[in-house]
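Everything below concerns the one structure shown next.
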Protein chains: 2
Amino acid sequence: MDLLSSAGGAGAAELSEEQTLELIELLFFAYRDFTSDPDEILEGYGFGRAHHRVVHFVGRNPGIRVAELLDILRITKQSLGRVLRELIETGFVFQKEGDTDRRQRLLYLTESGKDLAQQLAAPQIDRIRAALSACDGDAHGFYRDVLFHLINAQDRANVRRLIVKPE
Amino acid sequence: MDLLSSAGGAGAAELSEEQTLELIELLFFAYRDFTSDPDEILEGYGFGRAHHRVVHFVGRNPGIRVAELLDILRITKQSLGRVLRELIETGFVFQKEGDTDRRQRLLYLTESGKDLAQQLAAPQIDRIRAALSACDGDAHGFYRDVLFHLINAQDRANVRRLIVKPE
DNA sequence: TAAAATATGTCAATATGGCTGACATAAATT
DNA sequence: AATTTATGTCAGCCATATTGACATATTTTA
């Protein structure tokens with residue numbers, strides 16, 4: 001084992017500032033291009049990135065409460081309100097009263113909403129698969145672990161619970 | 001704090017749609033938190049994320065041309081114009097006429113600009129170092145390679161040239 | 001040299017997606 | 001019965017992006 005290894009990782013010394021800045025920039029460029037495909041599709045519907053996020057998370061979490069969506073997106077209910085109203089008016093999302101708590105407005109995608117979600121996800125899925133195919137070994141595992149640890153420590157448990165779906 | 005058991009490998013089969021969707025969501029959450037630290041700092045200056053991007057890329061590429069900055073940010077010159085003007089008026093950026101081409105307005109950070117860039121980068125550097133320390137082995141290399149391959153293929157050479165600095 | 005292309009800047013109008021603050025309603029909890 | 005919670009909405013504001021048109025200076029080209 002390397003004598004200079006850091007405590008947390010398994011043998012990796014701390015990155016230089018230069019190396020870290022490269023990663024900062026790579027994340028910017030990757031995110032820029034990653035969002036560009038759905039952005040083009042959304043234009044055809046008169047929607048923006050905010051609609052994409054709502055459609056995505058409602059699609060992945062049918063029956064999600066408004067409060068939870070707000071916590072995911074970290075925006076105000078006023079901001080979400082407009083986007084949600086548009087998605088409901090145009091028939092991509094619908095609301096259902098909560099079973100146990102009738103104050104809740106549980107959110108679901110309509111069939112059109114599911115189609116849209118799939119259409120938006122497709123190019124991103126392709127892009128990720130292509131990127132991982134171009135990398136060696138367990139790139140998937142490492143990529144996933146690094147992203148996970150970039151999330152605020154106090155939010156990681158919530159995120160894991162949210163994204164990992166039981167079979 | 002491991003997320004999932006990882007069983008990838010070289011020449012591994014394509015990721016399932018479910019696995020890919022998890023990566024899509026992780027990128028969203030990682031980016032959300034990654035940008036939150038500088039966002040707070042920027043507020044104190046009355047700046048936004050657009051100012052951050054300009055300060056960052058001018059700081060990393062002293063003497064960058066406006067056209068190249070536009071290509072990096074993928075925004076219109078009108079959008080850049082306002083942000084750039086504010087940064088110049090407040091003394092964080094200055095322009096210099098190009099040596100060979102006097103139409104060019106080469107961009108540089110002032111000392112205040114360098115301070116600001118460093119201040120904005122610091123929490124992101126810390127966050128990346130902490131994330132990589134929490135991961136095994138060559139997480140850095142894999143993370144870097146995946147991000148690189150998420151970039152549009154036709155842009156990768158440009159990005160590499162831009163982010164890798166000669167010693 | 002004149003014409004065209006390039007690098008940059010700016011004015012005006014518009015759209016999206018955030019924000020704060022205030023207030024309202026219905027339903028659950030205390 | 002009073003309070004809290006979950007949600008919605010009105011109004012106004014701000015930041016950041018857009019398109020289109022036009023201006024200026026400079027370089028390149030025919």
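Only heavy atoms go into these numbers, but all of them, side chains included; no hydrogens, no water, no symmetry mates. Chain A is the first sequence line, chain B the second, and so forth, proteins listed ahead of strands; every chain is numbered from 1.
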* **Pair A/Phe34 and A/Phe28, ring centroids less than 6.0 Å apart** => no
* Asked: Expressed in angstrom and rounded to an integer, what is the separation of A/Leu42 atom CG from C/dA15 atom P?
  -> 18 Å
* Asked: Mapping B/Leu84 and A/Arg103 to their closest nucleotides on DNA chain C, which lands nearer the 5' end?
  -> B/Leu84
* Which whole-number value in Å describes the distance from A/Lys77 NZ to C/dG21 C1'? -> 11 Å
* Asked: For the rings on B/Phe148 and A/Phe29, is their centre-to-centre separation under 6.0 Å?
  -> no
* Asked: Under 4.0 angstrom, heavy atoms only, what part of the nucleic acid is B/Arg49 near: base, sugar-phosphate, or nothing?
  -> sugar-phosphate
* Asked: With a 4.0 Å cut-off on heavy atoms, is B/Gln95 in touch with a base, just the backbone sugar-phosphate, or nothing at all?
  -> sugar-phosphate
* Taking N and O atoms by type only, does the side chain of A/Gln78 place a donor or acceptor under 3.5 Å from a partner on the base of C/dG17? -> no
* Asked: Once you round it to whole Å, what is the distance between C1' of C/dG18 and CG of A/Leu70?
  -> 13 Å
* C/dG17 phosphate, OP1 or OP2, under 4.0 Å from A/His51 side-chain N/O -> yes
* Mind checking which nucleotides bracket the chain B contacts on DNA chain D, 5' to 3', with an atom under 4.0 Å from a heavy atom? -> D/dT16 to D/dT27
* Rounded to the nearest Å, what distance is computed from the CZ atom of residue A/Arg65 to the P atom of nucleotide C/dA26? -> 21 Å
* Between B/Ala67 and A/Leu80, name the one whose nearest nucleotide on DNA chain C is closer to the 5' end. => B/Ala67
* **Residue closer to the 5' end of DNA chain D, A/Leu106 versus B/Arg82 (nearest nucleotide)** => A/Leu106
* Asked: Do A/Tyr45 and A/Gln119 have side-chain atoms, one donor and one acceptor, less than 3.5 Å apart?
  -> yes
* Between the side chain of B/Arg129 and the main-chain N/O of A/Leu15, is any donor-acceptor distance below 3.5 Å? -> yes
* Quick one: do A/Arg60 and B/Glu18 make a salt bridge, cutoff under 4.0 Å? -> yes
* Asked: Within this structure, what is the CG-to-P distance between B/Leu107 and C/dA7, rounded to whole angstrom?
  -> 14 Å
* To do: Look at atom CD of A/Glu97 and say whether more than 12 heavy atoms of other residues, nucleotides or ligands are closer to it than 6.0 Å.
  => yes
* To do: Tell me, yes or no, whether the heavy-atom count around B/Gln154 atom CD, taken from other residues, nucleotides or ligands under 6.0 Å, exceeds 12.
  => yes
* To do: Give one of base, sugar-phosphate or nothing for A/Gly81, where a contact means two heavy atoms less than 4.0 Å apart.
  => nothing
